[in-house]
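Notes for the one structure printed next.
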There are 2 protein chains.
Amino acid sequence: MYHSKETVTGATAEICERIWLSIAEKRLRPGARLKEEQLAEIFDVSRARVRQALAVLESDGLVTIVPNRGAFVSEPGVDEARDVFHVRKQIEARVIERLIDRITDEEIQLLDDHLNNEREADQRGDTSAIIRLSGGFHLLLAELAGSSFLFGILRDLISRSSLITAIYRGRHLHNCGPDEHASLIECIRKRDKAGAMRIMQAHLQHVEDELDLTEEVPTTRDLRQALG
Amino acid sequence: MYHSKETVTGATAEICERIWLSIAEKRLRPGARLKEEQLAEIFDVSRARVRQALAVLESDGLVTIVPNRGAFVSEPGVDEARDVFHVRKQIEARVIERLIDRITDEEIQLLDDHLNNEREADQRGDTSAIIRLSGGFHLLLAELAGSSFLFGILRDLISRSSLITAIYRGRHLHNCGPDEHASLIECIRKRDKAGAMRIMQAHLQHVEDELDLTEEVPTTRDLRQALG
DNA sequence: GACTACAGAAATGTAGACAATATTGTCGAG
DNA sequence: CTCGACAATATTGTCTACATTTCTGTAGTC
(Lines give C-alpha, C1' and ligand atoms only; values in the text may rest on other atoms or scores of the structure.)
Protein backbone atom coordinates (compact mmCIF):
# COMPACT_ATOMS: atom_id res chain seq x y z
CA MET A 1 0.00 0.00 0.00
CA TYR A 2 0.98 3.57 -0.41
CA HIS A 3 0.71 4.86 3.08
CA SER A 4 3.51 4.49 5.50
CA LYS A 5 1.59 4.82 8.73
CA GLU A 6 -1.81 3.48 9.46
CA THR A 7 -3.79 6.09 11.28
CA VAL A 8 -6.56 3.73 12.28
CA THR A 9 -6.33 0.26 13.70
CA GLY A 10 -6.40 -2.85 11.54
CA ALA A 11 -9.87 -4.12 10.79
CA THR A 12 -11.54 -0.73 11.04
CA ALA A 13 -9.00 0.75 8.66
CA GLU A 14 -9.66 -1.98 6.13
CA ILE A 15 -13.37 -1.27 6.11
CA CYS A 16 -12.76 2.46 5.76
CA GLU A 17 -10.38 1.74 2.91
CA ARG A 18 -12.85 -0.42 1.04
CA ILE A 19 -15.72 2.00 1.44
CA TRP A 20 -13.49 4.86 0.35
CA LEU A 21 -12.39 2.92 -2.71
CA SER A 22 -15.98 2.09 -3.57
CA ILE A 23 -16.84 5.77 -3.41
CA ALA A 24 -13.83 6.77 -5.50
CA GLU A 25 -14.74 4.17 -8.10
CA LYS A 26 -18.29 5.48 -8.22
CA ARG A 27 -19.60 2.11 -7.16
CA LEU A 28 -21.19 3.97 -4.27
CA ARG A 29 -22.95 7.10 -5.43
CA PRO A 30 -23.11 10.24 -3.31
CA GLY A 31 -26.23 10.16 -1.21
CA ALA A 32 -26.30 6.39 -1.23
CA ARG A 33 -27.50 4.85 1.96
CA LEU A 34 -25.08 2.71 3.92
CA LYS A 35 -27.03 0.15 5.90
CA GLU A 36 -25.05 -1.21 8.80
CA GLU A 37 -26.32 -4.75 8.58
CA GLN A 38 -25.69 -4.87 4.87
CA LEU A 39 -22.12 -3.62 5.28
CA ALA A 40 -21.54 -6.08 8.10
CA GLU A 41 -22.59 -8.93 5.84
CA ILE A 42 -20.52 -7.72 2.89
CA PHE A 43 -17.32 -7.29 4.90
CA ASP A 44 -18.08 -10.25 7.13
CA VAL A 45 -17.55 -8.32 10.33
CA SER A 46 -19.70 -7.38 13.26
CA ARG A 47 -22.11 -4.48 13.09
CA ALA A 48 -20.18 -2.85 15.93
CA ARG A 49 -17.09 -2.58 13.80
CA VAL A 50 -19.08 -1.18 10.91
CA ARG A 51 -20.36 1.51 13.23
CA GLN A 52 -16.81 2.35 14.26
CA ALA A 53 -15.74 2.61 10.64
CA LEU A 54 -18.72 4.82 9.79
CA ALA A 55 -17.87 7.12 12.69
CA VAL A 56 -14.33 7.51 11.37
CA LEU A 57 -15.54 8.09 7.82
CA GLU A 58 -17.89 10.72 9.12
CA SER A 59 -15.05 12.56 10.85
CA ASP A 60 -13.23 12.38 7.51
CA GLY A 61 -16.20 13.99 5.81
CA LEU A 62 -16.89 11.12 3.42
CA VAL A 63 -20.01 9.94 5.17
CA THR A 64 -22.86 11.82 6.78
CA ILE A 65 -24.61 10.24 9.73
CA VAL A 66 -28.11 11.33 10.64
CA PRO A 67 -29.15 10.17 14.11
CA ASN A 68 -31.76 7.43 14.03
CA ARG A 69 -31.72 7.60 10.25
CA GLY A 70 -28.47 6.04 9.21
CA ALA A 71 -25.31 6.75 7.27
CA PHE A 72 -25.13 8.18 3.76
CA VAL A 73 -22.33 8.96 1.36
CA SER A 74 -21.71 12.70 1.69
CA GLU A 75 -22.74 15.12 -1.00
CA PRO A 76 -20.42 18.12 -0.83
CA GLY A 77 -21.80 21.31 -2.37
CA VAL A 78 -20.01 23.47 -4.91
CA ASP A 79 -18.62 25.83 -2.29
CA GLU A 80 -17.19 22.93 -0.33
CA ALA A 81 -15.77 21.46 -3.53
CA ARG A 82 -14.00 24.72 -4.37
CA ASP A 83 -12.75 24.88 -0.81
CA VAL A 84 -11.23 21.43 -1.02
CA PHE A 85 -9.36 22.19 -4.22
CA HIS A 86 -8.22 25.56 -2.92
CA VAL A 87 -6.75 24.03 0.21
CA ARG A 88 -5.32 21.14 -1.72
CA LYS A 89 -3.36 23.50 -3.94
CA GLN A 90 -1.94 25.17 -0.86
CA ILE A 91 -1.06 21.92 0.85
CA GLU A 92 0.54 20.30 -2.15
CA ALA A 93 2.63 23.43 -2.64
CA ARG A 94 3.96 23.01 0.90
CA VAL A 95 4.63 19.36 0.19
CA ILE A 96 6.73 20.23 -2.87
CA GLU A 97 8.64 22.87 -0.91
CA ARG A 98 9.63 20.42 1.78
CA LEU A 99 10.16 17.58 -0.63
CA ILE A 100 12.70 19.28 -2.86
CA ASP A 101 14.83 20.26 0.11
CA ARG A 102 15.26 16.80 1.48
CA ILE A 103 14.60 14.15 -1.15
CA THR A 104 17.41 11.73 -1.97
CA ASP A 105 18.19 10.02 -5.24
CA GLU A 106 17.01 6.71 -3.87
CA GLU A 107 13.66 8.23 -3.01
CA ILE A 108 13.34 9.67 -6.50
CA GLN A 109 13.72 6.11 -7.70
CA LEU A 110 10.63 5.27 -5.64
CA LEU A 111 8.73 7.91 -7.57
CA ASP A 112 9.92 6.41 -10.85
CA ASP A 113 8.80 2.98 -9.72
CA HIS A 114 5.41 4.31 -8.75
CA LEU A 115 5.04 6.01 -12.10
CA ASN A 116 5.78 2.72 -13.85
CA ASN A 117 3.05 1.06 -11.83
CA GLU A 118 0.68 3.81 -12.87
CA ARG A 119 1.52 3.32 -16.52
CA GLU A 120 1.09 -0.42 -16.31
CA ALA A 121 -2.30 -0.08 -14.65
CA ASP A 122 -3.24 2.46 -17.30
CA GLN A 123 -2.39 0.03 -20.08
CA ARG A 124 -4.21 -2.82 -18.37
CA GLY A 125 -7.25 -0.62 -17.98
CA ASP A 126 -7.38 -1.61 -14.33
CA THR A 127 -9.71 1.11 -13.06
CA SER A 128 -9.39 0.23 -9.42
CA ALA A 129 -5.60 0.29 -9.57
CA ILE A 130 -5.56 3.53 -11.56
CA ILE A 131 -7.57 5.34 -8.94
CA ARG A 132 -5.50 4.01 -6.07
CA LEU A 133 -2.20 4.72 -7.78
CA SER A 134 -3.01 8.20 -9.05
CA GLY A 135 -3.98 9.28 -5.56
CA GLY A 136 -1.11 7.26 -4.18
CA PHE A 137 1.39 9.28 -6.18
CA HIS A 138 0.43 12.43 -4.35
CA LEU A 139 0.47 10.59 -1.05
CA LEU A 140 3.93 9.27 -1.82
CA LEU A 141 5.11 12.82 -2.38
CA ALA A 142 3.72 13.80 1.00
CA GLU A 143 5.35 10.82 2.63
CA LEU A 144 8.72 11.67 1.12
CA ALA A 145 8.27 15.26 2.30
CA GLY A 146 8.80 13.85 5.77
CA SER A 147 5.75 15.34 7.43
CA SER A 148 3.29 12.78 8.69
CA PHE A 149 0.90 15.61 9.34
CA LEU A 150 0.89 16.88 5.78
CA PHE A 151 0.49 13.27 4.77
CA GLY A 152 -2.61 12.91 6.88
CA ILE A 153 -4.13 16.13 5.58
CA LEU A 154 -3.46 15.16 2.02
CA ARG A 155 -4.96 11.75 2.56
CA ASP A 156 -8.12 13.44 3.72
CA LEU A 157 -8.05 15.91 0.84
CA ILE A 158 -7.58 13.20 -1.76
CA SER A 159 -10.47 11.20 -0.36
CA ARG A 160 -12.72 14.20 -0.66
CA SER A 161 -11.36 15.05 -4.09
CA SER A 162 -12.37 11.59 -5.24
CA LEU A 163 -15.85 12.12 -3.90
CA ILE A 164 -16.10 15.52 -5.54
CA THR A 165 -14.94 14.31 -8.92
CA ALA A 166 -17.43 11.48 -8.62
CA ILE A 167 -20.19 14.06 -8.29
CA TYR A 168 -19.15 16.89 -10.54
CA ARG A 169 -17.44 15.16 -13.40
CA GLY A 170 -19.31 12.77 -15.62
CA ARG A 171 -16.90 11.76 -18.32
CA HIS A 172 -13.57 10.60 -16.95
CA LEU A 173 -13.10 8.42 -13.95
CA HIS A 174 -9.48 8.79 -12.92
CA ASN A 175 -8.28 11.89 -11.14
CA CYS A 176 -5.10 12.51 -13.03
CA GLY A 177 -3.09 10.78 -15.66
CA PRO A 178 0.55 9.70 -15.38
CA ASP A 179 1.87 12.19 -17.95
CA GLU A 180 1.85 15.21 -15.69
CA HIS A 181 3.25 13.10 -12.90
CA ALA A 182 6.18 12.28 -15.16
CA SER A 183 7.08 15.89 -15.83
CA LEU A 184 6.75 16.64 -12.15
CA ILE A 185 9.29 13.94 -11.36
CA GLU A 186 11.69 15.48 -13.84
CA CYS A 187 11.52 18.82 -12.04
CA ILE A 188 12.07 17.10 -8.73
CA ARG A 189 15.07 15.27 -10.16
CA LYS A 190 16.57 18.60 -11.12
CA ARG A 191 15.63 20.09 -7.74
CA ASP A 192 13.74 22.75 -9.64
CA LYS A 193 11.46 23.97 -6.89
CA ALA A 194 9.76 26.73 -8.86
CA GLY A 195 9.14 24.48 -11.81
CA ALA A 196 7.79 21.66 -9.69
CA MET A 197 5.40 23.96 -7.90
CA ARG A 198 4.24 25.42 -11.19
CA ILE A 199 3.56 21.99 -12.63
CA MET A 200 1.76 20.87 -9.51
CA GLN A 201 -0.48 23.92 -9.52
CA ALA A 202 -1.28 23.43 -13.18
CA HIS A 203 -1.88 19.75 -12.61
CA LEU A 204 -4.43 20.38 -9.88
CA GLN A 205 -5.98 23.19 -11.89
CA HIS A 206 -6.53 20.80 -14.77
CA VAL A 207 -8.39 18.40 -12.50
CA GLU A 208 -10.51 21.22 -11.12
CA ASP A 209 -11.19 22.70 -14.54
CA GLU A 210 -12.73 19.48 -15.73
CA LEU A 211 -15.36 19.76 -13.04
CA ASP A 212 -18.63 21.55 -13.56
CA LEU A 213 -18.86 23.66 -10.45
CA THR A 214 -21.21 26.24 -11.90
CA GLU A 215 -24.44 24.89 -10.50
CA GLU A 216 -25.44 23.06 -7.42
CA VAL A 217 -26.15 19.39 -7.93
CA PRO A 218 -29.47 18.46 -6.34
CA THR A 219 -28.78 16.31 -3.36
CA THR A 220 -30.53 13.04 -2.82
CA ARG A 221 -31.63 13.83 0.68
CA ASP A 222 -32.55 17.47 0.61
CA LEU A 223 -35.43 16.91 -1.72
CA ARG A 224 -37.11 20.07 -0.60
CA GLN A 225 -34.18 22.13 -1.86
CA ALA A 226 -33.81 20.05 -5.00
CA LEU A 227 -37.43 20.09 -6.08
CA GLY A 228 -38.64 23.34 -4.49
CA MET B 1 -19.06 26.86 21.33
CA TYR B 2 -16.56 28.09 18.87
CA HIS B 3 -16.99 25.70 16.00
CA SER B 4 -19.48 26.38 13.32
CA LYS B 5 -19.97 22.89 11.97
CA GLU B 6 -20.01 19.67 13.86
CA THR B 7 -18.02 17.09 12.00
CA VAL B 8 -19.19 14.15 14.07
CA THR B 9 -22.64 13.25 15.19
CA GLY B 10 -24.07 14.28 18.55
CA ALA B 11 -23.23 11.93 21.36
CA THR B 12 -19.96 10.69 19.87
CA ALA B 13 -18.82 14.26 19.30
CA GLU B 14 -19.52 15.17 22.89
CA ILE B 15 -17.37 12.35 24.19
CA CYS B 16 -14.54 13.28 21.83
CA GLU B 17 -14.84 16.88 22.96
CA ARG B 18 -14.65 16.01 26.63
CA ILE B 19 -11.70 13.68 26.22
CA TRP B 20 -9.93 16.26 24.12
CA LEU B 21 -10.52 18.93 26.74
CA SER B 22 -9.26 16.65 29.48
CA ILE B 23 -6.08 16.09 27.50
CA ALA B 24 -5.63 19.80 26.83
CA GLU B 25 -6.11 20.57 30.52
CA LYS B 26 -3.53 17.94 31.44
CA ARG B 27 -6.11 16.07 33.44
CA LEU B 28 -5.29 13.13 31.22
CA ARG B 29 -1.57 12.69 30.88
CA PRO B 30 0.06 11.44 27.68
CA GLY B 31 0.36 7.69 27.87
CA ALA B 32 -2.60 7.43 30.20
CA ARG B 33 -4.72 4.40 29.68
CA LEU B 34 -8.32 4.91 28.60
CA LYS B 35 -10.38 1.98 29.83
CA GLU B 36 -13.58 1.61 27.89
CA GLU B 37 -15.74 0.53 30.78
CA GLN B 38 -14.46 3.37 32.92
CA LEU B 39 -15.17 5.94 30.23
CA ALA B 40 -18.61 4.46 29.66
CA GLU B 41 -19.39 4.90 33.32
CA ILE B 42 -18.01 8.44 33.51
CA PHE B 43 -19.92 9.68 30.48
CA ASP B 44 -22.94 7.51 31.21
CA VAL B 45 -23.07 6.01 27.74
CA SER B 46 -22.73 2.55 26.30
CA ARG B 47 -19.34 0.99 25.76
CA ALA B 48 -20.13 0.79 22.06
CA ARG B 49 -20.28 4.55 21.82
CA VAL B 50 -17.05 4.91 23.72
CA ARG B 51 -15.42 2.64 21.18
CA GLN B 52 -16.74 4.82 18.37
CA ALA B 53 -15.35 7.93 20.03
CA LEU B 54 -11.97 6.28 20.60
CA ALA B 55 -11.83 5.25 16.94
CA VAL B 56 -12.43 8.87 15.90
CA LEU B 57 -9.85 10.18 18.36
CA GLU B 58 -7.37 7.67 17.01
CA SER B 59 -7.91 8.87 13.47
CA ASP B 60 -7.30 12.38 14.82
CA GLY B 61 -4.02 11.23 16.34
CA LEU B 62 -4.89 12.07 19.92
CA VAL B 63 -5.30 8.48 21.01
CA THR B 64 -3.34 5.38 20.16
CA ILE B 65 -5.16 2.06 20.06
CA VAL B 66 -3.22 -1.16 20.48
CA PRO B 67 -5.23 -4.24 19.51
CA ASN B 68 -6.24 -6.37 22.48
CA ARG B 69 -4.44 -3.91 24.73
CA GLY B 70 -6.59 -0.84 24.79
CA ALA B 71 -6.51 2.87 24.11
CA PHE B 72 -3.90 5.30 25.38
CA VAL B 73 -3.38 9.03 25.13
CA SER B 74 -0.84 9.50 22.33
CA GLU B 75 2.73 10.48 23.07
CA PRO B 76 4.07 12.35 20.06
CA GLY B 77 7.85 12.38 19.72
CA VAL B 78 9.98 15.46 19.20
CA ASP B 79 10.01 15.06 15.43
CA GLU B 80 6.25 14.83 15.33
CA ALA B 81 6.01 17.84 17.64
CA ARG B 82 8.22 19.91 15.34
CA ASP B 83 6.15 18.71 12.41
CA VAL B 84 2.93 19.86 13.99
CA PHE B 85 4.24 23.34 14.69
CA HIS B 86 5.78 23.60 11.26
CA VAL B 87 2.52 22.72 9.55
CA ARG B 88 0.57 24.90 11.91
CA LYS B 89 2.61 27.93 10.95
CA GLN B 90 1.89 27.22 7.31
CA ILE B 91 -1.82 26.66 7.85
CA GLU B 92 -2.34 29.71 10.03
CA ALA B 93 -0.55 31.80 7.41
CA ARG B 94 -3.07 30.62 4.82
CA VAL B 95 -5.87 31.41 7.25
CA ILE B 96 -4.65 34.97 7.67
CA GLU B 97 -4.33 35.40 3.91
CA ARG B 98 -7.89 34.38 3.28
CA LEU B 99 -9.19 36.16 6.34
CA ILE B 100 -7.88 39.62 5.53
CA ASP B 101 -9.39 39.48 2.06
CA ARG B 102 -12.90 38.79 3.17
CA ILE B 103 -13.46 39.79 6.77
CA THR B 104 -16.15 42.37 7.51
CA ASP B 105 -16.27 44.93 10.30
CA GLU B 106 -19.01 43.00 12.04
CA GLU B 107 -16.82 39.92 12.09
CA ILE B 108 -13.92 41.89 13.53
CA GLN B 109 -16.30 42.77 16.33
CA LEU B 110 -16.64 39.04 16.98
CA LEU B 111 -12.88 38.87 17.43
CA ASP B 112 -13.02 41.76 19.89
CA ASP B 113 -15.74 40.02 21.83
CA HIS B 114 -13.75 36.84 21.94
CA LEU B 115 -10.70 38.70 23.16
CA ASN B 116 -12.74 40.18 25.98
CA ASN B 117 -13.85 36.72 27.00
CA GLU B 118 -10.23 35.63 27.03
CA ARG B 119 -9.24 38.51 29.25
CA GLU B 120 -12.07 37.85 31.66
CA ALA B 121 -11.17 34.20 31.93
CA ASP B 122 -7.55 35.21 32.44
CA GLN B 123 -8.50 37.47 35.35
CA ARG B 124 -10.77 34.84 36.87
CA GLY B 125 -7.96 32.31 36.61
CA ASP B 126 -10.39 29.89 35.03
CA THR B 127 -7.93 27.40 33.58
CA SER B 128 -10.47 25.38 31.67
CA ALA B 129 -11.91 28.46 30.01
CA ILE B 130 -8.47 29.87 29.22
CA ILE B 131 -7.48 26.76 27.34
CA ARG B 132 -10.72 26.58 25.43
CA LEU B 133 -10.72 30.27 24.55
CA SER B 134 -7.08 30.58 23.56
CA GLY B 135 -7.47 27.71 21.12
CA GLY B 136 -10.88 29.03 20.18
CA PHE B 137 -9.41 32.32 19.05
CA HIS B 138 -7.41 30.59 16.36
CA LEU B 139 -10.40 28.48 15.42
CA LEU B 140 -12.52 31.60 15.12
CA LEU B 141 -9.97 33.06 12.73
CA ALA B 142 -10.21 29.90 10.62
CA GLU B 143 -13.97 30.02 10.70
CA LEU B 144 -14.02 33.64 9.57
CA ALA B 145 -11.59 32.73 6.81
CA GLY B 146 -14.51 30.94 5.24
CA SER B 147 -12.88 27.58 4.64
CA SER B 148 -14.44 24.75 6.58
CA PHE B 149 -11.54 22.61 5.53
CA LEU B 150 -8.87 24.89 6.96
CA PHE B 151 -11.04 25.03 10.04
CA GLY B 152 -11.00 21.27 10.35
CA ILE B 153 -7.27 21.05 9.86
CA LEU B 154 -6.63 23.75 12.41
CA ARG B 155 -8.90 22.06 14.88
CA ASP B 156 -6.81 18.95 14.53
CA LEU B 157 -3.57 20.93 14.79
CA ILE B 158 -4.67 22.75 17.92
CA SER B 159 -5.65 19.52 19.59
CA ARG B 160 -2.24 18.08 18.93
CA SER B 161 -0.55 21.31 19.96
CA SER B 162 -2.29 21.05 23.30
CA LEU B 163 -1.07 17.51 23.69
CA ILE B 164 2.46 18.50 22.74
CA THR B 165 2.62 21.44 25.12
CA ALA B 166 1.28 19.14 27.81
CA ILE B 167 4.29 16.89 27.26
CA TYR B 168 7.12 19.26 26.47
CA ARG B 169 6.35 22.27 28.60
CA GLY B 170 6.19 22.00 32.32
CA ARG B 171 5.76 25.53 33.58
CA HIS B 172 2.85 27.24 31.88
CA LEU B 173 -0.44 25.68 31.11
CA HIS B 174 -2.10 27.94 28.57
CA ASN B 175 -1.00 27.91 24.96
CA CYS B 176 -0.95 31.60 24.31
CA GLY B 177 -1.89 34.74 26.14
CA PRO B 178 -4.40 37.35 25.00
CA ASP B 179 -1.82 40.10 24.46
CA GLU B 180 -0.52 38.85 21.15
CA HIS B 181 -4.06 38.11 20.08
CA ALA B 182 -4.86 41.77 20.67
CA SER B 183 -2.10 43.09 18.42
CA LEU B 184 -3.11 40.55 15.78
CA ILE B 185 -6.63 41.93 15.81
CA GLU B 186 -5.28 45.43 15.31
CA CYS B 187 -3.45 44.36 12.16
CA ILE B 188 -6.58 42.65 10.89
CA ARG B 189 -8.57 45.79 11.55
CA LYS B 190 -6.14 47.73 9.39
CA ARG B 191 -6.19 44.97 6.77
CA ASP B 192 -2.44 44.78 7.16
CA LYS B 193 -1.82 41.35 5.71
CA ALA B 194 1.96 41.39 6.00
CA GLY B 195 1.85 42.63 9.57
CA ALA B 196 -0.76 40.10 10.60
CA MET B 197 1.20 37.24 9.15
CA ARG B 198 4.37 38.44 10.84
CA ILE B 199 2.65 38.64 14.20
CA MET B 200 1.07 35.25 13.75
CA GLN B 201 4.38 33.64 12.89
CA ALA B 202 6.03 35.26 15.89
CA HIS B 203 3.15 34.26 18.09
CA LEU B 204 3.43 30.61 17.14
CA GLN B 205 7.18 30.76 17.37
CA HIS B 206 6.92 31.99 20.96
CA VAL B 207 4.77 29.03 21.83
CA GLU B 208 7.19 26.66 20.18
CA ASP B 209 10.22 28.29 21.74
CA GLU B 210 8.91 27.65 25.21
CA LEU B 211 8.97 23.94 24.53
CA ASP B 212 11.96 21.78 25.24
CA LEU B 213 12.23 19.79 22.05
CA THR B 214 15.90 18.95 22.42
CA GLU B 215 15.53 15.51 23.89
CA GLU B 216 13.07 12.73 23.55
CA VAL B 217 10.74 12.35 26.48
CA PRO B 218 10.59 8.75 27.64
CA THR B 219 7.25 7.32 26.72
CA THR B 220 5.14 5.48 29.18
CA ARG B 221 4.68 2.44 27.00
CA ASP B 222 8.00 1.95 25.32
CA LEU B 223 9.78 1.24 28.54
CA ARG B 224 12.51 -0.65 26.79
CA GLN B 225 13.55 2.49 24.96
CA ALA B 226 13.04 4.71 28.00
CA LEU B 227 14.96 2.65 30.51
CA GLY B 228 17.42 0.83 28.23
C1' DG C 1 -60.68 11.66 -4.48
C1' DA C 2 -57.54 13.57 -0.92
C1' DC C 3 -56.03 13.87 3.60
C1' DT C 4 -55.21 11.99 8.32
C1' DA C 5 -54.42 8.35 11.67
C1' DC C 6 -52.75 4.19 12.74
C1' DA C 7 -50.46 -0.21 12.41
C1' DG C 8 -46.67 -2.97 10.55
C1' DA C 9 -41.98 -3.31 8.90
C1' DA C 10 -37.28 -2.06 8.86
C1' DA C 11 -33.28 -0.05 10.55
C1' DT C 12 -30.74 2.13 14.19
C1' DG C 13 -29.24 2.60 19.18
C1' DT C 14 -28.23 0.21 23.44
C1' DA C 15 -27.45 -3.12 26.86
C1' DG C 16 -25.85 -7.41 28.38
C1' DA C 17 -23.44 -11.77 28.06
C1' DC C 18 -19.75 -14.52 26.34
C1' DA C 19 -15.21 -15.59 24.19
C1' DA C 20 -10.40 -14.31 23.26
C1' DT C 21 -6.26 -12.20 24.82
C1' DA C 22 -2.96 -9.86 27.69
C1' DT C 23 -1.36 -8.84 32.21
C1' DT C 24 -0.48 -10.04 36.89
C1' DG C 25 0.28 -12.98 40.74
C1' DT C 26 1.67 -17.46 42.58
C1' DC C 27 3.90 -21.68 43.04
C1' DG C 28 7.72 -24.72 42.46
C1' DA C 29 12.28 -26.19 40.69
C1' DG C 30 17.01 -25.30 40.54
C1' DC D 1 17.11 -16.14 45.96
C1' DT D 2 16.10 -16.23 40.93
C1' DC D 3 13.94 -17.92 36.99
C1' DG D 4 10.23 -20.17 34.50
C1' DA D 5 5.78 -22.31 34.02
C1' DC D 6 1.05 -21.98 35.22
C1' DA D 7 -3.23 -20.20 37.06
C1' DA D 8 -6.12 -16.07 38.20
C1' DT D 9 -7.71 -11.69 36.92
C1' DA D 10 -8.88 -7.95 34.11
C1' DT D 11 -9.79 -5.91 29.76
C1' DT D 12 -10.85 -5.91 25.06
C1' DG D 13 -13.43 -7.87 21.03
C1' DT D 14 -17.67 -9.89 19.43
C1' DC D 15 -22.18 -11.57 19.19
C1' DT D 16 -27.15 -11.71 20.43
C1' DA D 17 -31.29 -9.83 21.90
C1' DC D 18 -34.19 -6.05 22.75
C1' DA D 19 -35.90 -1.12 22.85
C1' DT D 20 -36.58 3.00 20.16
C1' DT D 21 -37.26 5.53 16.21
C1' DT D 22 -38.45 6.23 11.47
C1' DC D 23 -40.49 5.06 7.22
C1' DT D 24 -44.19 2.83 4.54
C1' DG D 25 -48.45 1.05 3.44
C1' DT D 26 -53.30 0.76 4.51
C1' DA D 27 -57.64 1.84 6.13
C1' DG D 28 -60.91 5.18 7.44
C1' DT D 29 -63.14 9.74 7.21
C1' DC D 30 -64.57 13.99 5.21
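Only a predicted model underlies this, so the values are computations on that prediction, with no experimental measurement involved.
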Between [atom2] of [N] and [atom1] of [X], the distance in whole Å:
X       : N      : atom1 : atom2 : answer
B:Arg51 : C:dG13 : CZ    : P     : 17 Å
B:Ile65 : D:dG13 : CD1   : P     : 7 Å
B:Asn68 : C:dT21 : CG    : P     : 7 Å
A:Glu37 : C:dT12 : CD    : P     : 8 Å
A:Gln38 : C:dA10 : CD    : P     : 14 Å
A:Arg69 : D:dT24 : CZ    : P     : 9 Å
A:Arg47 : C:dG13 : CZ    : P     : 8 Å
A:Glu41 : C:dT12 : CD    : P     : 13 Å

Subject >> B:Arg49 and B:Thr12: side chain donor to acceptor below 3.5 Å >> reply: yes
Original post:
Under 4.0 angstrom, heavy atoms only, what part of the nucleic acid is A:Leu34 near: base, sugar-phosphate, or nothing?
Top reply: sugar-phosphate
Original post:
If you check the A:Glu36 side chain, which of C:dA15, C:dG13, D:dC15 turns out closest?
Top reply: C:dG13
Original post:
When you check the phosphate oxygens OP1 and OP2 of D:dT14, does a side-chain N or O of A:Arg49 lie under 4.0 Å from one of them?
Top reply: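 A:Arg49 to D:dT14 OP1/OP2: side-chain N or O found under 4.0 Å.
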Original post:
DNA chain D: B:Ala71 or A:Arg33, which has the more 5' nearest nucleotide?
Top reply: B:Ala71
**OP:** Would you check, one step at a time, whether the test side-chain hydrogen bond (donor to acceptor under 3.5 Å, both in side chains) holds for B:Arg88 with B:Ser161?
**Re:** CA-CA 9 Å; B:Arg88 183 167 172 183; B:Ser161 297; 3.0 Å; yes
Original post:
Do B:Phe151 and B:Leu139 pass the side chain to side chain contact (heavy atoms under 4.5 Å, CB included) test, and can you show the C-alpha distance, the side-chain angles, and the key distance before you say yes or no?
Top reply: CA-CA 6 Å; B:Phe151 179 83; B:Leu139 283 176; 3.9 Å; yes
**OP:** Could you tell me if the ring centre of B:His138 sits under 6.0 Å from that of B:His114?
**Re:**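 Here the rings of B:His114 and B:His138 have centres that are no less than 6.0 Å from each other.
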